[in-house]
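Side-chain atoms are counted along with the backbone in the values below, which use heavy atoms only and exclude waters and symmetry mates. For the single chain, residues carry numbers from 1 onward in sequence order.
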Amino acid sequence: LAPGVVRVNANGTVTRVLTLPNGPSDTASFPNGLAFRGDDLYVSDSTGSIWRTRPRGTVNDTPRSPWLRNSILAPTVGHFGVNGIAFRANALYAAVYDAGLIVRIPIGRTGRAGTPIVVARNAALKDADGIMFDTAGTLWVTSTRSAVVGSGALLTVSRTGKVTVVAEDPAWLDYPTQAVFGRTARDHHTLYITNGSFDADGPSNVTAIHVRTPWVHPM
């Protein structure tokens with residue numbers, strides 16, 4: 001089956017909304033992160049691209065070229081390039097897994113991608129997976145720490161690019177792939193973290209922690 005994106009509908013049915021180019025295992029697209037901006041869905045491709053589509057009913061989009069392809073988003077050691085993505089203001093932010101980067105991609109008035117800008121470069125960001133902003137503009141990052149079985153890290157990147165390790169290798173982190181904030185008045189201070197347990201024997205799970213700064217829709 002070709003790589004792409006599917007939508008799970010409210011009635012439980014599944015609809016494919018995006019199909020990406022396929023090929024040999026070392027050249028096939030590798031969709032990894034999702035983020036909406038209005039009605040547009042952006043999809044990171046860990047081979048070094050970002051795709052854009054607008055899901056519509058039962059239409060299966062098969063674009064010929066990505067919204068952005070750039071060498072800064074590509075793998076550096078043969079594993080994964082761009083991974084988690086998130087919007088803030090008029091820019092898309094992306095984590096580059098192999099290189100340990102957070103990259104800002106400006107979006108022009110016509111929706112075209114500008115030149116990527118590195119806003120954080122740090123060894124602690126290597127293996128960075130999912131990302132999400134809080135109301136203060138701080139970026140929360142999960143790192144799988146894939147070289148160490150049964151581990152992981154939770155980090156933040158400030159608006160000035162300062163990287164802080166919030167937690168590293170505690171018992172409740174096991175190949176964490178994404179962190180998201182609760183979206184109600186009761187849990188918008190709660191950060192939910194998915195643990196893939198990819199390299200360990202334990203089951204995949206979701207862990208919840210309380211954080212001081214709440215979630216809010218990106219501006």
Side-chain angles (χ1 to χ4, degrees), residues 1-99 101-118 127-133 139 141-142 144 146 175 177-180 194 196 198 204 217-218:
L1 187 65
V5 177
V6 300
R7 179 182 66 234
V8 180
N9 305 300
N11 62 4
T13 60
V14 176
T15 302
R16 177 173 278 257
V17 299
L18 177 67
T19 295
L20 298 179
N22 204 0
S25 59
D26 58 343
T27 61
S29 301
F30 197 110
N32 215 333
L34 305 174
F36 273 96
R37 184 175 187 253
D39 293 328
D40 291 330
L41 173 64
Y42 292 73
V43 181
S44 68
D45 179 345
S46 287
T47 64
S49 302
I50 296 174
W51 301 81
R52 182 178 64 180
T53 186
R54 178 167 291 186
R56 307 180 300 279
T58 59
V59 175
N60 177 17
D61 190 13
T62 56
R64 294 184 178 181
S65 60
W67 176 71
L68 174 67
R69 178 181 288 118
N70 192 284
S71 59
I72 203 170
L73 304 176
T76 58
V77 292
H79 294 117
F80 300 110
V82 59
N83 200 323
I85 53 177
F87 284 98
R88 183 165 179 82
N90 294 316
L92 177 66
Y93 289 74
V96 184
Y97 188 94
D98 278 348
L101 304 178
I102 299 297
V103 176
R104 179 180 181 271
I105 304 164
I107 300 176
R109 291 183 178 180
T110 62
R112 296 184 64 180
T115 302
I117 303 165
V118 175
D127 299 349
D129 204 317
I131 62 176
M132 187 176 188
F133 282 101
L139 187 67
V141 182
T142 52
T144 63
S146 60
Y175 204 93
T177 58
Q178 180 67 55
V180 296
T194 57
F198 186 73
S204 300
H217 281 290

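- Contact of the D61 side chain with the R16 side chain is not registered, since no non-hydrogen atoms from C-beta on lie closer than 4.5 Å.
- The distance from atom CG of D45 to atom CZ of F30, rounded to the nearest 0.5 Å, is 9.0 Å.
- Applying the salt bridge (charged side-chain N to carboxylate O under 4.0 Å, His left out) criterion to R7, with sequence neighbours excluded, gives no partner residue.
- Among all heavy-atom pairs drawn from G33 and I85, the shortest one is O-CD1, 3.8 Å.
- Note: Q178 CD to D129 CG = 7.5 Å, rounded to the nearest 0.5 Å.
- A distance of 12.0 Å separates OG in S44 from CH2 in W67, rounded to the nearest 0.5 Å.
- Summarising the geometry, atom OH belonging to Y97 is positioned 7.5 Å from atom CG belonging to N83; distances are rounded to the nearest 0.5 Å.
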- [ ] Could you walk me through whether L101 and I72 pass side-chain contact (heavy atoms from CB on, under 4.5 Å), step by step?
- [x] CA-CA 9 Å; L101 304 178; I72 203 170; 4.0 Å; yes

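- Minimum interatomic distance between G196 and S204 (heavy atoms only, all atoms of both residues): O-OG, 2.9 Å.
- T15 and N9 get closest at one heavy-atom pair: OG1-ND2, 3.0 Å.
- Atom CG in L41 sits 7.0 Å away from atom OG1 in T53 (nearest 0.5 Å).
- In this pair, F198 and Y175 present their aromatic rings tilted. The plane angle is within the 30 to 60° band.
- There is no side-chain donor-acceptor pair under 3.5 Å between T62 and T19.
- Across all their heavy atoms, D39 and P55 have their closest contact at O-CD, 3.7 Å.
- Taking CZ from R54 and CZ from R37, the interatomic distance works out to 10.5 Å, rounded to the nearest 0.5 Å.
- Using a 4.5 Å cut-off on side-chain heavy atoms (C-beta onward), F80 and P75 make no contact.
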Residues 103-117 side chain polar contacts: donor-acceptor under 3.5 Å, at least two apart:
unit_1, atom_1, unit_2, atom_2, d
R104, NE, Y93, OH, 3.3

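- In this structure, V17 and N60 approach most closely via the heavy-atom pair C-OD1, 3.7 Å.
- Summarising the geometry of P21 relative to P3, their closest heavy-atom pair is O-CG, 3.6 Å, with the distance given to 0.1 Å.
- For S46, the side-chain hydrogen bond (donor to acceptor under 3.5 Å, both in side chains) partners at least two apart in sequence or on another chain are N32.
- When ring centroids are compared, F87 and F36 stay outside the 6.0 Å threshold.
- The shortest distance between side-chain heavy atoms of L20 and P31 falls below 4.5 Å.
- A heavy-atom distance below 4.5 Å is not found between the side chains of I50 and V43.
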